[in-house]
Amino acid sequence: MSKEDIGITVSKKDNFSEWYTQVVLKAKLADYAPVKGLIVLRPDGYSIWESLRGRFDKKFEKNGIKNGFLPILIPESLLGKEQKHFAGFNPEVFWVTHSGTNKIGDRLALRPTSETLAYTMYSKWIQSWRDLPLKINFWNTALRAEIKATKPFLRTSEFLWQEGHTVHATQEEAEKEVMKILEIYKKTVEEELAIPVITGKKSEKEKFVGAVYTTTMESIMPDGKALQMGTSHFLGQNFSKPFEVKFADKDNVEHFAWQTSWGISWRLIGAMIMVHGDDKGLVLPPNVAPIQVLIVPIYKNDEGKKSVLSKVEEIRKILEIKKIRVYVDDREGLSPGYKFNDGELKGIPLRIEIGPKDIEKESIVIAKRHNREKSNLDFSEIETIVTILDEIQKEMLVNAKNQANANSIDISDFVEFKSKIEKGGFFNAPWCGRVECEEKIKEETGADIRVLPFGSDDTNQKCIYCSQESVSVPVFARGY
RNA sequence: GGGGACGUAGGUUAGCUUGGUAUACUGCCAGCCUCGGGUGCUGGAGAUCAUGGGUUCAAAUCCCAUCGUCCCCA
């Protein structure tokens, strides 16, 4: 590896896939595990996850959702109880067949998702209307054997996620919950990760196996491909019936309950990398950055070192009182330039440079990561860094929105659709609502219906494929 | 589902055609020098050449098998 290779060696524009992998590895977010399709999360990567998790937990808690923990093994007999669900997941289930040298009769699945296990428990816990609603969230991992090419965070055979499972007395309440969760997801992703999303429903073909319907949030990546950012499912009574999740109502009549399930995964980290990163490496939104401010002290000799470092300490204290996460890079034997590049590779949102010249002028140099702008800031204005970080966070969302808009088009001609899909993008195209057309479009273009955005019903147009009357204008795209 | 590439030090890799005890850079360690955009010098540690078998006086190199990983396209 030459010196240049410490950093990112390909441009995001020319080789997106390679660029992405390099950022993940070189920014030390994750590394490949010795088993195909699995990755190891390193502290910088895990810290982002923890931070995101904290933001979600706060909102879940406000909504009356508590955290629990489920074991990882599910007996086949349970997993198979809801047949469509089982058929959907079976091809990618890892099975545990032995305990030590003994063969296990009812083999055990490493959970691909936990509906069947959770609802087995729920049926024990719920007897009365007084037990409802029951709202539990689980932070864990799920395992799905990926045959397709894997990619850190985006497609791995084991992934970190949360799966929430709620139970309600009425259909109306359950459906409200589905929407409430989707709103929490959208808000959190936009506010914390600075990634705009489009929310709506999945088509019948793309919905979660076992759900009545699936709501989703989708984002467009810079390479024009769509990424599913999170889903919230209305399960109706599809699971409560086979799993006997039922309760006695006030009138003492027994009813099957209404259920929801929903999840987001560390894919969100992958999305964040893709949307914000650049040729210098990772770019982190301040809200989730493990380190928000990097301070690089610059000095020529011991005397300069002393005065610079004491000033640095002063600044650090001011920032820490303001609850800003600060790291002083006082590593010996490394040049400032090295430290600048290192901080940029890791995506630290704001860098402070302070040397003898600055002490003299009573100011510091600040460099913003997201637009790489440098400017001066007086000692007396250090506290405004709180506001600056806030502005960065907002600017990143605006930039991402512009990027997403530039990648979305309204389209009503299939020939044009086919010719333009190669370059990627979100295509808003009218559709008749029939699965045959959906399948044909997928077959001929590789694009599927990512989302039927809320409010996209439209009967005044012609289906882009069959020209029959449209029912809506979904977002078509090729996906990850 | 289809196709391709690869496995040699922590990382990237040379050597393989034509068999003869492994090359460099980077990273790491120690010391010195430096420090406003990936510093320089000196010294040092680090490799059962993926695994198993075969051919041979001799295998990273040739042959067979196995395992593993990555990438691209639908």
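Each chain gets a letter, A, B and so on, in the order the sequences are listed, and its residues count up from 1.
Rounded to a whole angstrom, the distance from the C1' atom of B:C64 to that of B:U56 is 16 Å. Here, B:A59 and B:A22 have their C1' atoms 13 Å apart, quoted to the whole Å. Nucleotides B:G20 and B:G15 are separated by 13 Å at their C1' atoms, to the nearest Å. For the C1' atoms, the distance from B:C57 to B:U17 is 23 Å, rounded to whole Å. Nucleotides B:U42 and B:A47 have their P atoms positioned 24 Å apart, rounded to a whole Å. The separation of B:U23 from B:U8, taken at their C1' atoms, amounts to 11 Å, rounded to a whole angstrom. Only the P atoms considered, B:U61 is 14 Å distant from B:G53, to the nearest whole Å. Across the C1' atoms, B:U51 and B:C6 are found 16 Å apart, a figure rounded to whole Å.
Per the geometry, CD1 belonging to A:I366 stands 21 Å off P belonging to B:G36, to the nearest Å. Note: NZ (A:K300) to P (B:C33) measures 17 Å, nearest angstrom. Summarising the geometry, the separation between CD on A:E18 and P on B:A5 is reported as 18 Å, rounded to the nearest angstrom. Between the C1' atom of B:C35 and the NZ atom of A:K306 lies a distance of 20 Å, rounded to the nearest Å. Straight-line distance from the CD atom of A:E422 to the C1' atom of B:A74: 11 Å, rounded to whole Å. Between the CD1 atom of A:I364 and the C1' atom of B:G36 there is a distance of 15 Å, rounded to whole Å. Put simply, CH2 on A:W19 is 20 Å from P on B:C70, counting in whole angstrom units. When rounded to the nearest whole Å, the span between CG of A:L154 and C1' of B:C71 equals 15 Å.
For the pair A:L38 and A:E444, nearest-nucleotide mapping onto RNA chain B gives the more 5' position to A:L38. Where A:T445 and A:G337 each meet RNA chain B at their nearest nucleotide, the meeting point lying more 5' is that of A:G337.
Residue A:Y32 places at least one side-chain N or O under 4.0 Å from the OP1 or OP2 atom of B:C71. Residue A:S335 places at least one side-chain N or O closer than 4.0 Å to OP1 or OP2 of B:U39. Residue A:R351 places none of its side-chain N or O atoms closer than 4.0 Å to OP1 or OP2 of B:G37. Residue A:K151 has a polar side-chain atom (N or O) positioned under 4.0 Å from OP1 or OP2 of B:C71.
Comparing B:G36, B:G37, B:C71 by their closest approach to the side chain of A:T21 singles out B:C71. If you check B:G36, B:U34, B:A74 against the side chain of A:E332, the one that comes closest is B:U34. Nearest nucleotide to the A:S17 side chain, out of B:C72, B:U39, B:G36: B:C72. Of the candidates B:C71, B:G36, B:G37, the closest approach to any side-chain atom of A:V365 belongs to B:G36. Of the candidates B:A74, B:G37, B:G36, B:A74 carries the atom nearest the A:R478 side chain, counting heavy atoms from C-beta on. Side-chain atoms of A:D342 lie closest to B:G38 of the nucleotides B:C72, B:G37, B:G38.
Among the atoms of the strands shown, base atoms are found under 4.0 Å from some heavy atom of A:K374.
Between A:R325 and A:E320 there is no salt bridge, since no side-chain nitrogen of the basic residue lies less than 4.0 Å from a carboxylate oxygen of the acidic one. A salt bridge is defined here as a Lys NZ or Arg NE, NH1 or NH2 lying under 4.0 Å from an Asp or Glu carboxylate O, and A:R331 with A:D342 meets this definition. No salt bridge links A:E439 with A:K205; every basic N to acidic carboxylate O contact stays at or beyond 4.0 Å. The existence of a salt bridge linking A:K374 and A:E353 is confirmed by a sub-4.0 Å separation between a basic side-chain nitrogen and an acidic carboxylate oxygen.
In terms of modelled atom types and a separation under 3.5 Å, the side chain of A:R107 and the main chain of A:T97 share no donor-acceptor contact. Of the possible polar contacts, one joining the A:T215 side chain to the A:S232 backbone as a donor-acceptor pair under 3.5 Å is found. At distances below 3.5 Å, at least one donor-acceptor pair connects side-chain atoms of A:E190 with backbone N or O atoms of A:V197.
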Could you list the donor-acceptor pairs under 3.5 angstrom formed by side chains in residues 445-457 of chain A, with sequence neighbours left out?
from   : atom 1 : to     : atom 2 : distance (Å)
A:T445 : OG1    : A:I441 : O      : 2.6
A:T445 : OG1    : A:A447 : N      : 3.0
A:D448 : OD1    : A:R450 : NH1    : 3.2
A:R450 : NE     : A:E218 : OE1    : 3.0
A:R450 : NH2    : A:E218 : OE1    : 3.3
A:S456 : OG     : A:P453 : O      : 2.6

Using a 3.5 Å limit on both pairing distances, list the dot-bracket string of RNA chain B from the 5' end; Watson-Crick and G-U wobble pairs count, crossing pairs take [ ], interstrand pairs take |.
-> (((((((..(((.......[...))).(((((.......))))).....(((((..]....)))))))))))).
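Taking the centre of each ring, A:F476 and A:F426 stay at or above the 6.0 Å mark.
Between the side chain of A:K339 and the base of B:G36 there is no donor-acceptor pair of N/O atoms closer than 3.5 Å.
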